[in-house]
Amino acid sequence: QVQLVESGGGLVQAGGSLRLSCAASGRTFGRNGMGWFRQAPGKGRDFVAAISWSGGSTYYGDSVKGRFTISRDNAKNTAYLQMNSLKPADTAVYYCAARGTRVAVTTDTGYDYWGQGIQVTVSS
């Protein structure tokens, strides 16, 4: 089992930045591919970013490419999502997810463990 806890969300003006953190506990963190997803009110859950166990492979959703950066620190059992140039359309609940394998994927069905989610609100 892997337990995930997100932090760093909140309210920010358009054009601003936030960094989300995902603290993991339980099984050895470094063996898990990690992902970030988001869900806006009334919409489905969308892929945001993913990273392999080593950090050597990263993937991004089209709407966040060039603005968001995913990273991880296996020594700290933590994954991060740096979000720059935020837009009102980025407003959503953001979820951290972990896989039972080292490879990262872009579909939510590929993840075994989920955090509780954290709200990010971008005002115009």
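All values below were derived from every heavy atom in this structure, side-chain atoms included, with hydrogens, water molecules and symmetry-related copies excluded. All values derive from a computational prediction rather than experimental measurement.
Taking 4.5 Å as the limit, some side-chain heavy atom of Met83 sits within range of a side-chain heavy atom of Val120. Contact annotation: the side chain of Val93 approaches that of Gln119 to within less than 4.5 Å [non-hydrogen atoms, C-beta and beyond].
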| request: I would like to know whether Tyr59 and Phe47 meet ring pair (Phe, Tyr, Trp, His ring centres under 6.0 Å); could you show each step before the answer? | output: CA-CA 10 Å; Tyr59 310 90; Phe47 169 70; 7.6 Å; no
| Can Trp36 and Cys96 be said to form a side chain to side chain contact (heavy atoms under 4.5 Å, CB included), step by step? | CA-CA 5 Å; Trp36 287 95; Cys96 173; 3.9 Å; yes
| What's the verdict on salt bridge (Lys or Arg N to Asp or Glu O under 4.0 Å) for Asp112 and Arg99, showing C-alpha distance, side-chain angles and the deciding distance? | CA-CA 5 Å; Asp112 305 294; Arg99 303 193 71 216; 5.5 Å; no
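Within a 6.0 Å sphere centred on CD of Gln13, heavy atoms belonging to other residues, nucleotides or ligands number 12 at most.
When atom types are taken as modelled, the side chain of Tyr80 and the backbone of Thr69 share no donor-acceptor pair closer than 3.5 angstrom. Of the possible donor and acceptor atoms, one in the side chain of Glu6 sits under 3.5 Å from a partner among the backbone N and O of Gly117. Checked by atom type and distance alone, the side chain of Asp73 never pairs as donor or acceptor with a backbone atom of Thr78 at under 3.5 Å. A donor-acceptor pair under 3.5 Å is absent between the side-chain atoms of Ser85 and the main chain of Gly15, judged by distance alone.
A side-chain hydrogen bond (donor to acceptor under 3.5 Å, both in side chains) check over residues 86-95, counting only residues at least two apart or in different chains, returns the pairs Arg38-Asp90, Arg38-Tyr94, Arg67-Asp90.
Between Ser17 and Asn84, the side chains place a donor N or O and an acceptor N or O closer than 3.5 Å (distance only, hydrogens not considered).
Stacking of Arg72 on the aromatic ring of Trp53 is not recorded, the 6.0 Å distance cut-off and the 45° axial limit not both being met.
Grouping the Ile, Leu, Val, Met, Phe, Trp and Tyr side chains by contacts below 4.5 angstrom, directly or via other members, places Trp114 apart from Val2.
Minimum heavy-atom separation, Ile70 to Thr58: CG2-CG2, 3.8 Å.
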